[in-house]
Amino acid sequence: PFNEYKIYKTINGGTDWTNLTTSFSTDGINKLTNWSYVTDIAFHPNNEDEVYFTMANYKKNPNDPTIGEERVIRTLDGGITFEDMSVGLAPVPVNSIEFYGTEQLYIGTDAGVFYNDLNHSASNDLTSWQCFNNGFPSSVISQLQLDPCGKKIYAATLGRGAWETDLPEPVYSHSIDINSSQTWTSFRNVHSKVVVKPGVTLTIRDCTIKFSKQGYIEVRPGGYLVVDNSELTAMSCATEWGGICVAGASNLPQDISTHGKVTLMGGSVISNSGNGILNTSLSAQNGPNMAEPGGIIDARNVTFKNNARDVQLLKYTDGSADYNAVFEGCTFIRDNNYGMENMLPNVTMWAVSGVKIAGCVFTNNNDTQFPRLDGTFLKKGAIYTENATYKIVSAFFGTTEFKNTFTKYDRTIRSTFNICNQTIQPLVIEDAEFTDNIRSIYLSGAEFPRIVRNEIKIHNDNSQLGSTAIPNDQHYGIYLNQSF
């Protein structure tokens with residue numbers, strides 16, 4: 001009919017549109033668009049094919065006039081088919097709909113607020129709407145707004161003002177699966193795990209992505225993540241997010257077909273995470289999965305800022321070659337905006353060999369947060385390793401040399417070895433500058449380390465670290481314990 005309301009879908013930013021009106025009105029929904037219209041639309045946070053529509057009509061169940069029909073319509077396949085999910089609703093218009101987490105929907109109707117605990121099992125059975133009054137007046141709800149960070153719901157009414165009340169912690173149980181190569185170029189909030197599947201590339205370019213405490217990125221073996229001129233950080237309500245986990249295969253040589261790979265570049269920033277980047281996946285208990293270490297990391301011109309730990313590299317058994325992890329021209333920094341309860345060294349390594357750190361800047365400007373009993377402040381370290389080797393060397397851009405610099409740490413570099421388990425690749429610290437550190441380089445059990453052409457200025461101004469002086473015998477430039 002000429003006056004039929006329409007529903008359209010675009011998958012290319014509005015260049016082309018597909019008319020879904022026919023399928024919307026024929027799946028048992030009785031030509032609803034002939035006489036009613038859509039008032040609001042809600043997309044599942046992690047599944048663009050799961051969409052919910054609210055309707056403005058007063059349709060009743062023919063057998064019971066107190067029961068509404070076709071109040072809320074949903075599709076689970078991107079608009080190929082639709083179904084009515086109005087069980088529990090009165091025959092009045094539904095004006096607003098919002099997701100809360102991935103497992104709850106809230107709607108504002110002419111009869112108040114209702115919620116639905118969705119069933120995302122294999123059957124996806126329809127579930128019933130429940131009344132949510134919690135102090136709300138009996139009123140027409142014209143608009144809802146949900147704040148998962150503040151755990152609040154706000155409702156605008158017709159004639160009775162605006163109202164708010166508390167909500168429980170939102171649930172985010174679905175991962176965002178990247179099954180085909182794609183590029184993100186605009187801001188988004190991410191509340192769940194993002195999984196980059198094998199053979200697929202996710203590129204994040206020229207944008208900011210904010211994560212909740214549950215959010216992180218996992219790159220599966222054979223998957224590829226590129227972060228270019230972008231910031232990955234925590235939402236304002238989240239103290240931290242989970243960072244990037246890049247999985248590999250511990251018993252195979254590092255290759256992009258068998259190991260995940262991450263490229264960080266173009267001035268990107270990784271900030272406010274518990275672990276900026278980890279070379280394996282997470283287990284079901286959210287600890288490191290020791291069956292999948294070996295992820296490939298290439299970070300150049302990147303800032304790691306105010307992370308509890310910037311880089312964690314765990315044991316990889318193919319010790320016959322350099323571990324494929326490079327950090328070149330990167331900045332590792334903490335300042336007084338650091339927001340977590342604990343602080344770890346910027347980079348930690350266990351049983352990996354030959355990691356390259358070239359022309360990077362390590363600075364700890366956090367001097368207010370971790371007081372000692374003696375009045376000084378704990379500054380933590382830059383690099384801590386066990387049975388691991390690395391190459392701290394200059395980077396050259398054209399003919400210009402950029403040295404690694406380390407400033408304002410307690411224990412700047414601390415590396416220990418089990419003599420019987422020494423790695424094949426040598427440990428190298430050369431052409432670096434150490435300024436205002438309490439202890440610059442500590443090696444224990446190292447075989448044939450190469451420590452040359454470094455400039456070390458031992459910290460001697462205790463006022464920077466607190467009111468109580470640190471004994472001079474605790475200050476040193478290089479300390480070698482059972483090393484030769």
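Counting begins at 1 with the first residue of the sequence.
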S.K.: For Thr75, what residues pass the side chain to side chain donor-acceptor pair (under 3.5 Å) criterion, not counting sequence neighbours?
M.R.: Asp77
S.K.: Which heavy atom in Ala155 sits nearest to a heavy atom in Leu144, and how many Å separate them?
M.R.: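 Heavy-atom minimum between the residues: CB-CD2, 3.7 Å.
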S.K.: Please state whether the rings of Phe99 and Tyr52 are parallel, tilted or perpendicular, taking 30° and 60° as the class boundaries.
M.R.: perpendicular
S.K.: Return the set of residues passing side-chain contact (heavy atoms from CB on, under 4.5 Å) with Ser212 (not counting sequence neighbours), or none when no residue passes.
M.R.: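 If we apply the side-chain contact (heavy atoms from CB on, under 4.5 Å) test to Ser212, skipping adjacent residues, the hits are His191, Gln214, Met235.
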S.K.: Could you give all pairs that pass the disulfide bond (SG atoms under 2.5 Å apart) test and reach residues 228-302, with sequence neighbours left out?
M.R.: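 Passing the test, one end in residues 228-302: Cys149-Cys237.
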S.K.: Would you verify whether the NZ or CZ of Arg414 falls within 45 degrees of the ring axis of Tyr384 while also being under 6.0 Å from that six-membered ring's centre?
M.R.: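 No, a cation-pi geometry is absent between Arg414 and Tyr384.
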S.K.: Give the ring-plane orientation class for Phe484 versus Phe448, where under 30° counts as parallel, over 60° as perpendicular and anything between as tilted.
M.R.: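 Perpendicular.
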S.K.: In chain order, what residues pass the salt bridge (Lys or Arg N to Asp or Glu O under 4.0 Å) check against Lys305, with sequence neighbours excluded?
M.R.: Asp335
S.K.: Are side-chain N/O atoms of Ser283 and Asn289 paired as donor and acceptor at under 3.5 Å?
M.R.: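 Asn289 and Ser283 do not have a side-chain donor-acceptor pair below 3.5 Å.
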S.K.: Would you call the rings of Phe406 and Phe434 parallel, tilted or perpendicular, where under 30° means parallel and over 60° means perpendicular?
M.R.: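 The arrangement is parallel - the two ring planes meet at less than 30°.
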S.K.: Is a side-chain donor-acceptor pair under 3.5 Å present for Asn46 with Thr102?
M.R.: no
S.K.: For Thr10 and Asn12, does a side-chain donor sit closer than 3.5 Å to a side-chain acceptor?
M.R.: yes
S.K.: Taking only residues at least two apart or on different chains, which pairs with a member in residues 202-253 satisfy ring pair (Phe, Tyr, Trp, His ring centres under 6.0 Å)?
M.R.: Phe211-Trp241
S.K.: Compute whether any side-chain donor of one residue and acceptor of the other, for Asp298 and Thr263, lie under 3.5 angstrom apart.
M.R.: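 Absent: no donor and acceptor within the cut-off.
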S.K.: Any luck finding a side-chain donor-acceptor pair between Thr407 and Asp436 under 3.5 Å?
M.R.: no
S.K.: Return yes if a side-chain donor-acceptor contact under 3.5 Å exists between Asp310 and Asn346, otherwise no.
M.R.: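 On atom types as modelled, these side chains qualify, holding a pair under 3.5 Å.
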S.K.: Any side-chain donor-acceptor pair under 3.5 Å between Asn365 and Tyr338?
M.R.: no
S.K.: Hey, is the main chain of Gly78 close enough, under 3.5 Å, to the side chain of Lys9 for a donor-acceptor pair?
M.R.: yes
S.K.: Does the side chain of Ser281 come under 3.5 Å of the side chain of Glu292 through a donor N or O and an acceptor N or O?
M.R.: yes
S.K.: Indicate yes or no: at least one non-hydrogen side-chain atom of Leu443 is less than 4.5 angstrom from one of Asn481.
M.R.: no
S.K.: Can you sort out the partners of Asn437 under side chain to side chain donor-acceptor pair (under 3.5 Å), two or more places apart, ordered by chain and number?
M.R.: Thr412
S.K.: Between the side chains of Asn275 and Arg309, is a donor N or O closer than 3.5 angstrom to an acceptor N or O?
M.R.: yes
